[in-house]
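See structure below.
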Amino acid sequence: MKKKYAQVIVDNKATSTDKLYTYIIKSSMLDMLQEGMRVLVPFGRGNKIVKGIVVSIEEDYDNKYNLKSIIDIIDDKPLIPKDLIELSLWMSKEYLSSYLSAFQVVLPPGNYKEVQTIVSIKDTFKLKHYKLNSLEQKIINLLKIKGNNLKLETIKEYIKNSNINSAIKALEDKGLIETTLEIENLVGKKYEKYVSLENKSISYDDMVNIIGTRCYKQLEIAKYLLSLKGEDISLKELMKKTNSSLSTVKALEDKGIINIYNKEVYRTPIKGNIPKYKRQLLTPKQKKCVDEIMNSIKGKKEDKKFLIHGVTGSGKTEIYLHLVEEMLKFGKESIILVPEIALTPQTIERFVGRFGDNVAVLHSKLSNGERFDQWRKIKEGKVKIAVGARSAVFAPFNNLGLIVIDEEHENTYKSSMNPKYHAIEVAEKRCEQTGACLILGSATPSIESYYKAKNGKFKLLYLDERINSSEMPKVNIIDMRDELNRGNKSIFSKALYKAIDKNLRDNKQTILFLNRRGYSTFVSCRQCGYVVKCNSCDIAMTYHMKDNKLKCHYCGLAINPPNICPVCNSKYIKYFGIGTEKVENYTKKMFPNAVVKRMDMDTTTKKGSYESILKDMQNKKIDILIGTQMVAKGLDFENVTLVGIIAADTSLNLPDFRGPERTFQLITQVAGRAGRGDYEGKVIVQTYTPEHYSIQCAKEHDYISFYNKEILLREEFKYPPFVNIISIIIYGEDQKLVMNRSKEVYKHLLNEAFDINYKDFKKNIIGPYPAPLEKIKKNYRYQILIKCKDDELEDLKRIVEWVCILNKYKLDYQGIKFNIDINPNSIM
DNA sequence: GAAACCTAAGCT
DNA sequence: GCTTAGGTTTCA
């Protein structure tokens, strides 16, 4: 048989070793080994055994290196299919991430099989005739004392010596010890005891004959089992249902009536009974939308990307549900992405409620075991639908037909960890690979997606009516400067106060939104102007009243608030700015009879607390709900008729080009929570910049006008979608060093750009300057931004790779790190 | 990132 | 002649 070679990505985090390595496949493995399996390979000078993943299998090799052979195969079948391997390779190029990190997101969650080297003494007789050095002797002694089969890891824990590997190798060469490899499962499959009838066609009378009439408890169980009509049941459930003990069931087993066996079960994160979510008839507009998509799917292969622009409450979810149903008819699988699982429980409930056991749920809050099992269900074809956050886009389906991205404008779809992928881009790629259909949906599409739709990259579908044809809520803009002029210094404008009051009397619910948690946003000395900042972040600290602490929202540091100014010793320390906590306090004071609840990161950390607030809201036990962005997403309560936005400008004043877009989206999304039921909704927006187009357009629910304004500005000031932005953040603890290296990096980037004739390189490579958040977690940060057109992006990425990652100029990068982001969410 | 390799210095 | 500590080099 002809020799074959495997290209392997080795489990080694160093950037310099992040490449494909070629290994010889031993003839004994030729039949077994497939792409997507993990293997053990010797690596480095010491031939340390490391894990690797086989990316491709080649017929030929051009003898450039002295190849080594694969030692062993870890998996019995490929962990990931070919298209996901391809996708990972694409990602690492696209986002300048390492191969390893790109594969980590597609591989099953957790390192569920770990490899251990076991060391044991081989020849005690020989041992006496060898002179050993001190280290070797230590190892032998440890093996004698601690038992003969020790993990290499354990030995290293006891004997701290950098030469331990060579000592073990020396001992092995002398034939004194031997080492073996053990592959252990970290996350196992879960088994549960199940009960089945030994003879499925047995009649009740026959059973009575065997069991005997006096054992009435056993008979009761037998009767129950018969009622299941041949279905097996878990032992636990059987005991609970029949209120019986283990011994009674065991007695039945002894009598040969039943059989108790171990059944593999999946851990499920879906707790409790999710009510059935009934199939709903589509409105003509919805139907048209579904038809159009289905026609395209059946038709040409190219036209398979859609953007559904549907106003809040226009029934996008029902469209997704229908599409998934159509997919099932073709035997095709679907992935549904939602921004953040915890924040969109209603969407998930609808999918589970409609499709039941056919749905896997994937998100970051799952335990390792749960996550693994959900992944396994998908891989093994036990489910056809996966609902989840960003990373669910990698769900290992084999026959993918549909990817839906709900609320596609959300920034959670862009990963902030390596690989810094955008779920929309990955989904596009996956759909191109598999021929699946991509659906993006939003009431406020991102400027980028809408631009693509306008230019024919996506097909644009429009839903302009709410499903129960209720009106869009009326939006009132309140100029807070006028309020101040009229002497109202409180958090609520007169109009908002009145509206809340009226709503309370009408027994309706109110949502108040403020995009800032805590009590006061900063603490300052009135005498000298000193602002309390975090020691390690150089960011103003927020006062939290609940635990009377100043907290840093970037690193989590909490300190006691000062009583006197640490700079000038004055006593005039004052608290400025409002957060949700303050709004809560104030609201309770103003409306003492109302039930007020707050929902933000601080009140929802405990498991289930979020759900309980929602439940109370659903059951109308809460009159006023105050929250951060959490209340903006996907909540659907029919009794909410008033939404108040306390300060609409917070997202507008950030030094980021997406400020207006964020503001428009937030106002529109929050406003969309109002008036979803039979009652008219009302929205009150408080702002200091009422004339701003993002606020004015949101008032009119006019996305198109907003888009037209915004897209002109993006073009004029060279922002996405007209250019790509590469953000390079150079950071480290030594400010001077970071600054100097940044300058060097900048210089070399310019050089390289000049070499490839990159137009306007001086204008489009910007920096280095201190990043908007100059210091985070003790690290000083300098930023370089590169703007470029689509057709220049590849070249510029390669330049950045040369200078920052591969370090072509051999700069001393000790003590500094890079954070490279292609088209980041925000440039802060 | 990790281990072998290399070198120089310290110890007996 | 050996160990030890630190720096450098390499990984198929």
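We name chains A, B, ... by the order of the sequence lines, and we start the count at 1 in each one.
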Select base, sugar-phosphate, or nothing to describe what A/Tyr23 touches, counting heavy atoms under 4.0 Å on all strands.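 Sugar-phosphate, no base atom in range.
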In whole Å, I'd like the distance from the [atom1] atom of [X] to the [atom2] atom of [N].
X: A/Asp62; N: C/dA12; atom1: CG; atom2: C1'; value: 11 Å
X: A/Gln7; N: C/dA12; atom1: CD; atom2: P; value: 14 Å
X: A/Leu135; N: B/dA3; atom1: CG; atom2: P; value: 13 Å
X: A/Lys19; N: C/dT10; atom1: NZ; atom2: P; value: 11 Å
X: A/Phe43; N: C/dA12; atom1: CZ; atom2: P; value: 6 Å
X: A/Asn47; N: B/dC5; atom1: CG; atom2: P; value: 10 Å
X: A/Ile9; N: C/dC11; atom1: CD1; atom2: P; value: 18 Å
X: A/Ile164; N: B/dA2; atom1: CD1; atom2: P; value: 15 Å

Taking A/Arg798 first and then A/Glu794, would you say they form a salt bridge - that is, a charged N and a carboxylate O separated by under 4.0 Å?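 Answer for the salt bridge query: yes.
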Given B/dG1, B/dA3, C/dA12, which nucleotide is nearest the side-chain atoms of A/Lys48?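 Selected nucleotide: B/dA3.
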If you take atom types as modelled and just measure distance, does the side chain of A/Tyr21 reach the base of C/dA12 with a donor-acceptor pair under 3.5 Å?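 Answer no: no donor N or O sits under 3.5 Å from an acceptor.
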Answer with yes or no whether A/Thr15 presents, from its side chain, a donor or acceptor under 3.5 Å of a partner atom in the base of B/dG1.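 Looking at the base of B/dG1, it does not pair with any donor or acceptor on the side chain of A/Thr15 (distance under 3.5 Å).
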Run the side chain to side chain donor-acceptor pair (under 3.5 Å) check on A/Glu774 and A/Gln783 step by step: do they pass? CA-CA 9 Å; A/Glu774 197 186 337; A/Gln783 188 171 38; over 6 Å; no
Could you check A/Asn819 against A/Lys420 for side chain to side chain donor-acceptor pair (under 3.5 Å), going step by step and ending with a plain yes or no? CA-CA 10 Å; A/Asn819 187 340; A/Lys420 298 192 180 70; 3.0 Å; yes
Ring centroid separation for A/Tyr21 and A/Phe43, is it under 6.0 angstrom?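 Yes: the rings meet the under 6.0 Å criterion.
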Toward the 5' end of DNA chain C, which comes first, A/Leu20 or A/Arg45, by nearest nucleotide?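 Nearest-nucleotide comparison on DNA chain C picks A/Arg45.
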